[in-house]
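Just so we're on the same page: letters track the sequence lines, and every chain starts at 1. Everything quoted here is computed from the prediction, not taken from an experiment.
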Protein chains: 2
Amino acid sequence: MNESIHGSGADEFLELKHVLRALGDVVRLHIVSVLAGNTEMNVTDLAQMLIINGRYVSQPLVSWHLATLRRAGLVQVRRTGRQVYCSLDRERYALCLQMLGDLVQPAALRAAPVISPAGQPDLSPARQ
Amino acid sequence: MNESIHGSGADEFLELKHVLRALGDVVRLHIVSVLAGNTEMNVTDLAQMLIINGRYVSQPLVSWHLATLRRAGLVQVRRTGRQVYCSLDRERYALCLQMLGDLVQPAALRAAPVISPAGQPDLSPARQ
DNA sequence: CCGCTATATAAATGGGCGCTTATAAATGTC
DNA sequence: GACATTTATAAGCGCCCATTTATATAGCGG
């Protein structure tokens, strides 16, 4: 009952912070970029596809960064035998984008309120 | 001429990283949130409006966080006398959102190409 | 069981970040 | 000029993060 009222609770900012910090690294941005172009990928293939400053990224480092992304909920993993296939959680990623958007333009403003701007019929509940 | 071709150059990731790290802090998220609701604001008023864990944020800390956001290009400042009015650079913020979007869904896919939507000779995305 | 492969974890290290306290710099007021 | 106000910067500190190297876990094939 502390933050109450509107949605800008501290918890929301805390969660957003975690996701942003997980994304705020060049190696992890590359990982996300590669995962975004493939439905699934095992760790070794991913590591061999990551060339960042003209250098490969070592396997333990890829594993460590993947753990960070997984902790942030951005990457899901599926074990099969000794391989671990990882994929981008696009829903979570989209949620992050939405939270970032809401931060500067609260949902209350985006969802066209009651009043329609006298030209367009309001399309309020069209939100997905 | 190093990275050429597609937009996923290392520099882009580096810049995105800087912005994401600037945003990846609870205090700075609050600052952005407050600035998003006001066109302009001097530092003292901003500090007095920031209550984060039930505690105020000290003036030097606000100034320090503002410097971080300014370095990332997310806030602009305008001096008038001894006050410094700061505002959110919404364009830059939107650019960040766009870069994040492009990361998982390259612009080539989003920008509906030349083909007219007439008959839908289905080709590219079909993806949700 | 033994080796091989795939992945994760530990230890060690360097560096940067967030915070506090104190102080400086700049500007307005009397 | 003395003083108050606004903002920035410096020093110090603890902590977390990114990286490397080395090693552990676990499945697989002979």
Side-chain angles (χ1 to χ4, degrees), chain A residues 10 13-32 34-35 38 40-72 74-87, chain B residues 10 13-14 16-32 34-35 40-72 74-87:
Chain A
F13 285 167
L14 196 59
E15 188 182 355
L16 187 50
K17 165 197 158 178
H18 288 141
V19 181
L20 290 175
R21 287 185 95 103
L23 286 174
D25 179 275
V26 172
V27 176
R28 292 195 287 268
L29 284 176
H30 275 265
I31 291 177
V32 167
V34 169
L35 288 182
N38 299 265
E40 250 187 350
M41 213 161 189
N42 73 59
V43 179
T44 302
D45 290 351
L46 175 63
Q48 286 171 353
M49 193 164 299
L50 284 177
I51 305 170
I52 283 194
N53 237 325
R55 302 175 49 81
Y56 283 98
V57 182
S58 74
Q59 176 269 318
L61 192 51
V62 172
S63 182
W64 184 79
H65 280 297
L66 277 174
T68 299
L69 288 169
R70 190 166 38 75
R71 272 192 297 271
L74 289 168
V75 165
Q76 295 168 328
V77 295
R78 173 179 70 88
R79 270 204 119 100
T80 295
R82 42 186 171 180
Q83 343 245 24
V84 167
Y85 291 94
C86 43
S87 58
Chain B
F13 286 166
L14 196 60
L16 186 51
K17 165 197 159 177
H18 288 140
V19 180
L20 290 175
R21 286 187 96 101
L23 286 174
D25 179 274
V26 172
V27 176
R28 292 195 287 269
L29 284 176
H30 276 264
I31 290 178
V32 168
V34 170
L35 288 183
E40 252 187 350
M41 215 164 188
N42 73 57
V43 179
T44 302
D45 290 351
L46 175 62
Q48 286 171 352
M49 193 164 298
L50 284 178
I51 305 170
I52 285 195
N53 237 326
R55 302 175 50 81
Y56 283 98
V57 182
S58 74
Q59 177 270 319
L61 193 50
V62 172
S63 183
W64 183 79
H65 281 297
L66 276 174
T68 298
L69 288 170
R70 190 166 38 76
R71 272 192 296 271
L74 287 168
V75 306
Q76 296 168 328
V77 295
R78 174 179 69 89
R79 270 204 118 99
T80 295
R82 43 184 171 182
Q83 344 245 23
V84 166
Y85 291 94
C86 43
S87 58

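- Across C/dT21, C/dC19, C/dA6, the shortest atom-to-atom separation from the side chain of A/Gln83 is found for C/dA6.
- Taking the side chain as every heavy atom from C-beta outward, A/Gln59 and A/Thr44 never approach each other to under 4.5 Å.
- Regarding contacts with the backbone of D/dT6, every side-chain N or O of B/Asn42 stays at 4.0 angstrom or more from both OP1 and OP2.
- Sequence order on DNA chain C of the closest nucleotides to A/Asp45 and B/Gly24 puts A/Asp45 first from the 5' end.
- None of B/Gln83, B/Arg82, B/Arg78 except one satisfies the side chain to side chain donor-acceptor pair (under 3.5 Å) rule with B/Thr80; the exception is B/Arg78.
- The side-chain heavy atoms of A/Leu69 and A/Leu35, taken from C-beta on, include no pair separated by under 4.5 Å.
- The distance from atom CG of B/Leu61 to atom C1' of D/dT9 is 13 Å, rounded to the nearest whole Å.
- Rounded to whole angstrom, the span from the CZ atom of B/Arg21 across to the C1' atom of C/dG15 amounts to 11 Å.
- Side-chain atoms of A/Trp64 lie closest to D/dT19 of the nucleotides D/dT19, C/dA8, D/dT7.
- Ranking D/dA8, C/dG18, C/dT7 by closeness to the A/Val43 side chain, first place goes to C/dT7.
- Regarding B/Leu66, its CG atom lies at a distance of 13 Å from the C1' atom of D/dT6, rounded to whole Å.
- Within 4.0 Å (heavy atoms only), B/Arg28 reaches sugar-phosphate atoms of the nucleic acid but no base atom.
- For a distance-only test at 3.5 Å, the side chain of A/Arg82 qualifies as a donor-acceptor partner of the base of C/dT5.
- How far CG of A/Leu50 is from CG of A/Asp45: 11.0 Å, rounded to the nearest 0.5 Å.
- Atom-to-atom, CG of A/Leu69 to C1' of C/dT7 comes out at 16 Å; the value is rounded to the nearest Å.
- In this structure, A/Lys17 places its NZ atom 12 Å from C1' of D/dC17, rounding to the nearest Å.
- Of the side-chain N and O atoms in A/His65, one or more sit less than 4.0 angstrom from OP1 or OP2 of D/dT19.
- Side-chain N/O atoms of A/Arg79 include none lying less than 4.0 angstrom from OP1 or OP2 on C/dT7.
- In this model, a side-chain donor or acceptor of A/Gln59 finds a partner on the base of C/dA8 within 3.5 Å.
- D/dA18 atom P lies 11 Å from atom CG of A/Leu29, rounded to whole Å.
- The CG atom of A/Asp25 sits 14 Å away from the C1' atom of D/dC16 (whole-angstrom rounding).
- Comparing atom distances between the A/Ser63 side chain and each of D/dT20, D/dC17, C/dA8 picks out C/dA8 as nearest.
- As rounded to whole Å, 12 Å separates atom C1' of C/dG16 from atom NE2 of B/His18.
- Comparing A/Thr68 and A/Thr80 along DNA chain D, the residue whose closest nucleotide (by nearest heavy atom) sits nearer the 5' end is A/Thr68.
- In this structure a side-chain-to-backbone donor-acceptor pair under 3.5 Å is present from B/Arg21 to A/Gly24.
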